[in-house]
Amino acid sequence: KVGALYKRRRDLDRQLSALYERRDALDAKAERGGDTAKFREETAAVEQAIIDANNQLTDVNTQLRIASPNSQQLLPQSAKADAVIKSLAPGETFVMPVLSSAEGWTFVVRDGKITVYPIAKGQGAIGEYVSKIRRSIMPANDASSPPPFDVASSRELYDTVFAEAGKDMSGSSSVVVAPNGPLLSVPLEILLTGPTDAANLAGAPWLFRQYKVTHVPSANNFVGLRRVAPNSQASKAWFGFGGFQPSTIVQANAKFPAEQ
């Protein structure tokens, strides 16, 4: 039931995005002149569809709160700018790209200031970059290793979405990113921030070399997590295993037979 509600909520979000774009397009046509009565009639129909969709969305959110009380942390609800600013640690930057069908904006929050940068391409073009990158890091079913990494798409995606925002990100101790749309399907750490020799990826300017990158579902989720889980006070990085015992050759062969 919860899964079906999440799917319904996602579908309503997409429906509302399309309706808002349609309303904006109608407003732009009305400003250029034309059949005013027709524009008013179409706009009224779109406005009613927006009201209906929002009412359905409210109902779905109510059902989600009942079925899964902690679900609100995962929903892409809005968060107040002050709450995001207060949740950031010193030297930390919050970045949120927002994409529409034809364009987008990258919101950057740092040191108590919010800056917005335009994205010249929309979900379709960004999604194509993401698909190309994913195909270049995932081996085909009949291959033992992935194909050559798509350097061009990785660099183009960074330049399109993050290059302008990089001016505000520069010098950050860490970057928290709330991706949107197709950007949810790619690890942003593997974006390339500058010219790259495809034959020397070990020395490439990967985004992860510049920042510690943390992904969150939404600004609201980020604020909620910081409220319940304060930043660690540890001064050094740590990595460990609890009672780790390596598998023997016999165990490994039993779990992963050579014929598979």
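Hydrogens, waters and symmetry mates play no part in the numbers below; they use all other heavy atoms, side chains included.
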Hey, what do you get for CG (Leu16) to CG (Asn54), rounding to the nearest 0.5 Å? 5.0 Å

Hey, what do you get for CG (Leu57) to CG (Leu12), rounding to the nearest 0.5 Å? 5.5 Å

Could you walk me through whether Thr193 and Phe162 pass the side chain to side chain contact (heavy atoms under 4.5 Å, CB included) check? CA-CA 9 Å; Thr193 64; Phe162 297 103; over 6 Å; no

With a cut-off of 3.5 Å and sequence neighbours excluded, list every side-chain donor-acceptor pair involving residues 131-138.
{"from": "Ser131", "atom 1": "OG", "to": "Gly127", "atom 2": "O", "distance (Å)": "3.0"}
{"from": "Arg134", "atom 1": "NH1", "to": "Ser185", "atom 2": "O", "distance (Å)": "2.8"}
{"from": "Ser136", "atom 1": "OG", "to": "Ile133", "atom 2": "O", "distance (Å)": "2.8"}
{"from": "Ser136", "atom 1": "OG", "to": "Asp150", "atom 2": "N", "distance (Å)": "3.1"}

Quick one: which residue pairs count as a salt bridge (Lys or Arg N to Asp or Glu O under 4.0 Å) with a foot in residues 166-178, not counting sequence neighbours? Glu164-Lys167

With sequence neighbours excluded, give me every salt bridge (Lys or Arg N to Asp or Glu O under 4.0 Å) pair touching residues 95-113. none

Quick one: does Ser173's side chain get under 4.5 Å of Lys212's, heavy atoms only? no

All salt bridge (Lys or Arg N to Asp or Glu O under 4.0 Å) counterparts of Asp52, not counting sequence neighbours: none

Between the side chain of Arg10 and the main-chain N/O of Leu5, is any donor-acceptor distance below 3.5 Å? no

State, yes or no, whether a side-chain contact exists between Val95 and Thr106 at a heavy-atom distance under 4.5 Å. yes

Starting at NZ of Lys121, measure out to CG of Asp159 and round the result to the nearest 0.5 Å. 9.5 Å

Val223 side chain near Val84 side chain, heavy-atom distance below 4.5 Å: yes

Gln123: which residues meet the side-chain hydrogen bond (donor to acceptor under 3.5 Å, both in side chains) condition with it, sequence neighbours left out? none

Would Lys86 and Asp82 count as a salt bridge (charged side-chain N to carboxylate O under 4.0 Å, His left out) here? Give the steps. CA-CA 6 Å; Lys86 291 177 181 178; Asp82 286 348; 5.7 Å; no

How long is the span from the CG atom in Leu192 to the OH atom in Tyr158, to the nearest 0.5 Å? 10.5 Å

Ile51 with Val46, same ILVMFWY side-chain cluster at under 4.5 Å: no

Side-chain contact, heavy-atom cut-off 4.5 Å: Thr196 with Arg155? no

Is any side-chain heavy atom of Ile190 closer than 4.5 Å to one of Trp206? yes

Donor-acceptor contact below 3.5 Å, side chain Ser101 vs main chain Gly124: no

Point-to-point distance, once rounded to the nearest 0.5 Å, from CE of Met169 to OH of Tyr211: 4.5 Å

Side chains of Thr160 and Ile119 in contact at under 4.5 Å (non-hydrogen atoms): yes

Would you please test Leu183 and Val177 for side chain to side chain contact (heavy atoms under 4.5 Å, CB included) and show each step? CA-CA 10 Å; Leu183 292 172; Val177 185; over 6 Å; no

Going by the ring pair (Phe, Tyr, Trp, His ring centres under 6.0 Å) test, which pairs reach into residues 83-103, not counting sequence neighbours? Phe94-Phe222

pair Leu99-Pro182: side-chain heavy atoms closer than 4.5 Å: yes

Working for side chain to side chain contact (heavy atoms under 4.5 Å, CB included), residues Val175 and Thr214: CA-CA 6 Å; Val175 175; Thr214 302; over 6 Å; no

Partners of Arg8 by salt bridge (Lys or Arg N to Asp or Glu O under 4.0 Å), sequence neighbours excluded? none

Enumerate the residue pairs fulfilling salt bridge (Lys or Arg N to Asp or Glu O under 4.0 Å) with a member in residues 238-252, sequence neighbours excluded, ordered by first and then second residue. none

Tell me, do Thr93 and Val108 make a side-chain contact under 4.5 Å, heavy atoms counted? yes

Please list all pairs meeting ring pair (Phe, Tyr, Trp, His ring centres under 6.0 Å) that have one or both residues in residues 99-120, counting only residues at least two apart or in different chains. none

Separation of Asn180 CG from Met96 CE (nearest 0.5 Å): 8.0 Å

Determine whether the side chains of Glu92 and Ser172 contain a donor N or O and an acceptor N or O closer than 3.5 Å. no

Applying side-chain hydrogen bond (donor to acceptor under 3.5 Å, both in side chains), can you list everything that pairs with Thr43, at least two apart in sequence or on another chain? none

Taking side-chain hydrogen bond (donor to acceptor under 3.5 Å, both in side chains) as the definition, give me every residue that meets it alongside Asp11, ordered by chain and number, with sequence neighbours left out. Lys7

With Glu47, which residues qualify under side-chain hydrogen bond (donor to acceptor under 3.5 Å, both in side chains), at least two apart? Arg23

Report yes or no: do Val161 and Leu184 belong to one cluster of Ile/Leu/Val/Met/Phe/Trp/Tyr joined by side chain heavy-atom distances under 4.5 Å? no

